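Note that the structure is a prediction, hence the values are computed from the model and not measured.
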Amino acid sequence: MTELTELTAARLLDGYRKGEWGPVEATRAALERAEAIQPEVNAFVRLTGEEALEQARESEERWRRGEPRGLLDGVPVTVKDILLQRGAPTLRGSRAVDPEGRWDEDAPSVARLREHGAVFIGKTTTPEFGWKGVTDSPLSGITRNPCDPSRTAGGSSGGSAAAVALGAGPLSLGTDGGGSVRIPASFCGIFALKPTYGRVPLYPASAFGTLAHVGPMTRDAADAALLMDVIGHPDSRDWSALSAPAGPYTDSLAGGVRGLRVAYSPSLGGQVAVQPAVARAVRQAVERLAELGAYVTEADPDLTDPVEAFHTLWFSGAARVTQHLGPHQRELLDPGLREICARGARYSALEYLAAVDVRMDLGRRMGRFHDTYDLLVTPTMPLTAFEAGAEVPKGSGHRRWTGWTPFTYPFNMTQQPAASVPVGADADGLPIGLQLVAARHRDDLVLRAAHALYEAGVASAGRPRPSGS
């Protein structure tokens with residue numbers, strides 16, 4: 001018997017077309033799975049069971065009439081609790097947000113999902129205001145890794161990653177300001193794409209400015225392309241949104257990697273200490289890209305770690321997002337968030353503009369790099385998932401989450417498309433991710449190369465199970 005929670009969105013839709021199963025059955029299976037995993041993994045802040053089943057019944061009727069609505073009619077989806085969803089409080093992981101507010105508007109990506117008939121089964125966990133690379137908050141507690149609940153799921157889209165990994169809907173919307181879809185994708189063994197900035201509109205505008213992206217979190221690259229074909233269109237509420245893409249991303253998947261110029265940077269020129277198991281898995285995947293016809297060269301981009309400039313931009317954004325809070329509300333915040341907000345509030349305008357200068361120069365250098373190379377490949381993370389409930393690994397010496405995420409945040413600063421592809425596991429069974437990066441506006445190349453790894457069996461859509469399931 002087919003286990004519906006094991007299927008991709010594309011396979012679910014194929015089954016709807018053939019009459020093998022329907023949206024109600026698929027939605028009920030996803031909801032049951034979400035309820036089963038919640039006590040151990042804590043991926044959700046809210047499940048919307050009755051509303052979801054009503055949406056699924058309406059979808060099933062459309063399929064019965066042969067009149068499906070859009071590209072995702074009847075597919076169960078989840079949404080990170082940073083993005084507005086009509087009828088559901090968006091608490092952003094914070095006890096300082098009033099749940100009784102007016103929740104009567106969808107974010108652009110959520111609106112596109114609704115227009116295409118998707119079924120919303122729940123809102124997923126986030127650290128407070130998405131401020132760090134792990135998922136725990138004073139509001140919802142700790143979100144745990146689907147492979148080992150004693151480990152972190154990563155963040156800040158950790159709830160979405162855990163939900164997709166464990167079958168609670170094949171598609172989720174995450175956000176990424178410094179690695180927040182790619183970090184948990186790497187730790188949880190799923191696929192995630194941070195698109196070119198502006199490709200997926202964002203409203204309300206993020207206090208983190210143009211570091212913040214919305215991206216798909218899925219079981220494989222083909223599902224991500226399908227989701228991008230839905231959400232990757234302009235919305236008048238986002239002044240920085242790009243115009244519509246030239247064509248469907250799903251049409252670009254089949255090109256393979258033959259002839260692509262790939263730069264493989266195992267450690268950004270020796271700047272990053274990478275765990276041996278991670279290094280091995282990524283190198284083996286890169287070797288497979290060469291076997292598939294890519295021209296692979298070991299080459300490092302011309303960059304030095306821009307972490308201090310990133311901190312200036314990121315901490316200033318955190319200070320801005322909490323600026324309106326009174327003293328009592330500030331006492332409710334995550335202590336780490338309070339700390340970076342205080343630091344961010346002390347930066348001057350000149351210090352902020354100096355960080356922007358660093359960012360612009362980094363973008364220039366990466367633009368020149370991609371004159372020579374179509375793709376850059378790195379590990380997504382230099383390590384596998386560490387203990388849950390900690391911002392940094394024990395004994396690492398790092399002060400903030402950016403200390404262990406050096407491969408991700410530079411490409412938020414440059415606005416480039418970047419994806420994490422699962423390419424193996426360490427000796428403890430913890431997933432390992434490979435990062436694919438392309439020049440701005442070449443999201444199609446990232447998806448195409450990732451799809452080639454899935455087609456070759458290098459990337460796996462297999463799903464872990466927590467110990468109690």
Side-chain angles (χ1 to χ4, degrees), residues 2-3 5-15 71-72 75 146-147 160-161 164-167 169-172 174 181-182 184-195 215-230 232 248-260 262 264 278 280-294 296 374-381 417-425 431-438 442-464:
T2 299
E3 177 63 59
T5 59
E6 298 292 322
L7 301 182
T8 64
R11 181 67 184 96
L12 279 178
L13 289 162
D14 186 55
L71 298 177
L72 295 175
V75 175
C147 300
S160 288
V164 171
L166 290 169
L171 306 177
S172 192
V181 300
R182 290 160 289 154
S186 182
F187 281 178
C188 295
I190 68 163
F191 180 81
L193 171 69
K194 179 190 75 67
M217 306 183 73
T218 61
R219 292 204 65 204
D220 63 16
D223 266 10
L226 176 61
L227 186 47
M228 284 295 294
D229 285 343
V230 171
Y249 288 109
T250 46
D251 286 355
S252 67
L253 291 175
V257 297
R258 183 167 299 279
L260 291 182
V262 175
Y264 166 47
V278 173
R280 277 194 305 273
V282 173
R283 183 173 290 277
Q284 288 169 1
V286 170
E287 290 170 354
R288 190 72 178 105
L289 285 173
E291 292 169 2
L292 294 171
V296 176
D374 299 304
L375 291 168
L376 168 66
V377 176
T378 74
T380 307
M381 302 299 301
S420 183
V421 185
V423 293
I432 293 166
L434 170 150
Q435 182 174 233
L436 291 163
V437 183
R442 292 313 309 266
D443 307 68
D444 59 316
L445 279 184
V446 172
L447 288 165
R448 185 172 129 197
H451 183 64
L453 289 172
Y454 278 98
E455 290 285 285
V458 178
S460 171
R463 191 136 53 215

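- You'll find the side chain of Leu171 reaches within 4.5 Å of the side chain of Val75, heavy atoms only.
- Between Arg283 atom CZ and Glu287 atom CD the span is 6.5 Å, to the nearest 0.5 Å.
- The shortest non-hydrogen separation linking Phe187 to Pro431 is O-CD, 3.3 Å.
- In this structure, CG on Leu375 lies 11.5 Å from CD on Gln435, to the nearest 0.5 angstrom.
- Heavy-atom minimum distance, Val282 versus Gly433: CG2-O, 3.9 Å.
- Distance check: Thr250 OG1 to Leu71 CG gives 7.5 Å after rounding to the nearest 0.5 Å.
- Counting only heavy atoms from C-beta outward, the side chains of Ser186 and Ser420 approach each other to under 4.5 Å.
- Leu193 is listed as a side-chain neighbour of Leu447, based on a closest heavy-atom distance under 4.5 Å.
- Here the side chain of Asp374 pairs no donor or acceptor atom with the backbone of Leu445 at under 3.5 angstrom.
- Although no hydrogens or angles enter the test, the distance criterion places no donor-acceptor pair under 3.5 Å between the side chain of Arg182 and the main chain of Ala419.
- Looking at every heavy atom in both residues, Phe191 comes nearest to Val421 through CE1-CG2, 3.8 Å.
- With a 4.5 Å cut-off on side-chain heavy atoms, Pro170 and Asp223 count as touching.
- Contact record, Ala456 with Leu292: CB-CD1, 4.0 Å, taken as the closest heavy-atom pair.
- Ile190 and Ala161 make their closest contact through CD1-CA, 3.7 Å (heavy atoms, listed as atom of the first residue, atom of the second, distance).
- Checked by atom type and distance alone, the side chain of Asp229 pairs as donor or acceptor with a backbone atom of Tyr249 at under 3.5 Å.
- When every heavy atom of Gly256 is checked against every heavy atom of Arg448, the shortest pair comes out as O-NE, 2.6 Å.
- The CG atom of Leu226 sits 9.5 Å away from atom CG of Leu253, with the distance rounded to the nearest 0.5 Å.
- Side-chain contact check for Val278 versus Met381: every heavy-atom pair is 4.5 Å or farther apart.
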Residue pair Leu434, Leu453: steps toward the side chain to side chain contact (heavy atoms under 4.5 Å, CB included) verdict: CA-CA 10 Å; Leu434 170 150; Leu453 289 172; 4.3 Å; yes
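- Residues Val262 and Val286 are not in side-chain contact: their nearest non-hydrogen atoms beyond the backbone lie 4.5 Å or more apart.
- Using a 4.5 Å heavy-atom cutoff, the side chains of Pro417 and Lys194 are not in contact.
- Leu227 CG to Leu72 CG: the interatomic distance, rounded to the nearest 0.5 Å, is 6.5 Å.
- Atom OG1 in Thr380 sits 8.0 Å away from atom CG in Leu436 (nearest 0.5 Å).
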